[in-house]
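Below: one structure, written as structure tokens.
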There are 2 protein chains.
Amino acid sequence: MAPKWRELADRLAEQIRRGDYGPGAQLPQIRDLVEQGEGSKSTVHAAYKALEAEGLVTSSRGHGTVVRHQAPLKRLGIARYDKAKWRDSDEVAFIADRVASGRAYKRDEQTQTVSLVPAPAAVAEAHGLPEGASVYARARLVKEGTQPTHTLTSYYRPEHVEGTRIVDPAPGPAGRGGGFRVLYDAGYEIDHMQETLFARVPTSAEIQLLQLSAGEWVVELHRTTFTADGTVVEHAIGVHAATRFAWTYDFDVPDSSKSGDKPK
Amino acid sequence: MAPKWRELADRLAEQIRRGDYGPGAQLPQIRDLVEQGEGSKSTVHAAYKALEAEGLVTSSRGHGTVVRHQAPLKRLGIARYDKAKWRDSDEVAFIADRVASGRAYKRDEQTQTVSLVPAPAAVAEAHGLPEGASVYARARLVKEGTQPTHTLTSYYRPEHVEGTRIVDPAPGPAGRGGGFRVLYDAGYEIDHMQETLFARVPTSAEIQLLQLSAGEWVVELHRTTFTADGTVVEHAIGVHAATRFAWTYDFDVPDSSKSGDKPK
DNA sequence: TAGTGGTCTAGACCACTTC
DNA sequence: AAGTGGTCTAGACCACTAA
């Protein structure tokens, strides 16, 4: 038999999904359910904690426990990197996403800091540098309105970006066209990419920064960007609240028996 | 100040990462820590539950709480679909993965059932069918040794697979070359794919089936497979234990200003 | 100040595994 | 039977929010 707290949680989850409690609605208070005989305070609290871990509600002291607004998944496809967007106009990828999904763009929804740091292991490997070599890190926290959705940190080799707008201390996105445009202007036109995704438990710093609810996971995205001759010009690491995104990739079925390797 | 259970959990997590408790080692018993003054049983239990949610340990009644073996992430790239593997030899994708990573292959590591079912919404949409239309579902549970790692269910239109080995009740993988080979023999050569990934909380059925520890998430993968003329011949939905996989995609930076749409 | 959720305790009892 | 983690209770007290 399922524990009492699990049964209560399931019953409430069912009511939420049925719409008895709509987004923003307040769930009964813990003490009320205790009075109604749902169990002791710890038991009811365990049920509420489970609902929070499942992403259905958020609890906060003083306020109460309310049903979360389930923002539809934001779908990220490779079209967000379209050269036409950042080379021929002044859009940058994250703005293009916003435009495509009909959301308003505000300049302050992205903050960034640029600094020279020792390369973390994954970055060093992607760039073919010894671990700890100096690289420029451009860290952004991307928000949608007031809600942070993901962090994105791009790592560049100093010789590629020194003297460009990327290392310029001016605030806001890296200027007209974003980071890819800056690299393009510096003679490094990006050509192909590799993205790797995996899910993991957030660090406590990430829970704060991305305002994650208890038990919510993150998806880490590693993007390596190459020029046509195979030079790595950027390695970016993004940390996304797992509930808010979906990633889509289109590709041809490979055929190694034909033409050996496909020209990249 | 962090709660007492959080501090205890962090301290133990630190010791696990340092190697004080190696994989398979047993953590102190709850009652022992209570005696040592780490708090009441509930408090220590909360700490252990947190460690379990973070994927560091597994607890079970009767046994105790032991440090999990952290299997390295299995990396899935699009090379697993290489035509040379399933068309020209008798490998199937999941075996190819195994071979590539040097693991032994055993025939019984995949079980499957085939049935005619009403199409779920996502499947119907991908196939361009009305919701609830009849489709063949080929459901597999893939294991590595005794450990299940993911489920994968392929949905086919009846007119594409009727009379083929796919709907044959014979057990095991869909015969020589797998499902793609069967489609190829039936005149449907697969050409390109679209994959979509997102993370979510598992259902209770998935927790049992995939032997997930408490709080562990899953990644759902949707794969739509097309022939060269754009016909959808398969829509597959996979549910993966989130901690055990990473996905990698290589692609060219799109350029919509050149040549309109790229020929698929 | 009143009302919310969060933490903690001490102890009873249950479920499962091993001997 | 003994030993493990898991559930549950009743109640005290704490942290935060709003009026």
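Lettering follows sequence order; numbering is per chain, from 1. Because the structure is a prediction, the values reported are computed rather than measured.
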query = B:L12 has an atom CG; how far is it from atom P of D:dG5, in whole Å?
reply = 12 Å
query = Which comes earlier along DNA chain D counting from the 5' end, the contact point of B:Y48 or that of A:A2, where each point is its nearest nucleotide?
reply = B:Y48
query = If you check every side-chain atom of A:R61, which of D:dA10, C:dG5, D:dT4 has the closest atom?
reply = C:dG5
request  = Starting at atom CD of B:E35, determine the distance to atom C1' of C:dG11, rounded to an integer number of angstrom.
outcome  = 15 Å
Rounded distance (Å) that lies between atom P of D:dT9 and atom CG of A:L33 = 12 Å
Validation row, ring centre B:W217 to ring centre B:H240 under 6.0 Å = no
key: For atom CD of B:E52 and atom P of D:dT4, their distance in whole Å   = 18 Å
ask   = Does B:T43 place a side-chain N or O at less than 4.0 Å from the phosphate oxygens OP1/OP2 of C:dT9?
value = yes
task = Could you tell me the separation between the NE2 atom of A:H45 and the C1' atom of D:dG11, rounded to a whole number of Å?
result = 16 Å
task = Rounded off to whole Å, could you give me the CG-to-P distance for the A:L51 and C:dG6 pair?
result = 12 Å
ask   = Between A:W5 and A:H63, who's closer to the 5' end of DNA chain D by nearest nucleotide?
value = A:W5
ask   = What's the verdict on side-chain hydrogen bond (donor to acceptor under 3.5 Å, both in side chains) for A:H222 and A:T196, showing C-alpha distance, side-chain angles and the deciding distance?
value = CA-CA 5 Å; A:H222 288 233; A:T196 295; over 6 Å; no
message = Just to be sure I understand the rule, does B:S42 reach a base, reach only the sugar-phosphate, or reach nothing, if contact means heavy atoms closer than 4.0 Å?
response = base
ask   = Stepwise, does the side-chain hydrogen bond (donor to acceptor under 3.5 Å, both in side chains) test hold for A:Q26 with A:Y21?
value = CA-CA 7 Å; A:Q26 192 150 24; A:Y21 299 103; over 6 Å; no
query = Just how far, in rounded Å, is P of D:dC14 from CD1 of A:I30?
reply = 18 Å
note = B:Q29 CD to C:dT18 C1', in whole Å, measures 13 Å
ask   = Distance-only, no hydrogens or angles: does the A:E216 side chain make a donor-acceptor pair with backbone N or O of A:S213 under 3.5 Å?
value = yes
key: Distance test, side-chain N/O of B:K41 to OP1/OP2 of D:dT7, below 4.0 Å   = no
inquiry  = I'd like to know if B:R31 reaches the base of D:dG3 with its side chain such that a donor and an acceptor end up less than 3.5 angstrom apart.
reply    = no
task = Considering only NZ, NE, NH1 and NH2 on the basic side and carboxylate oxygens on the acidic side, decide whether B:E38 and B:R31 come within less than 4.0 Å.
result = no
query = Touch check for B:K49, heavy atoms < 4.0 angstrom, all strands: base, sugar-phosphate only, or nothing?
reply = nothing
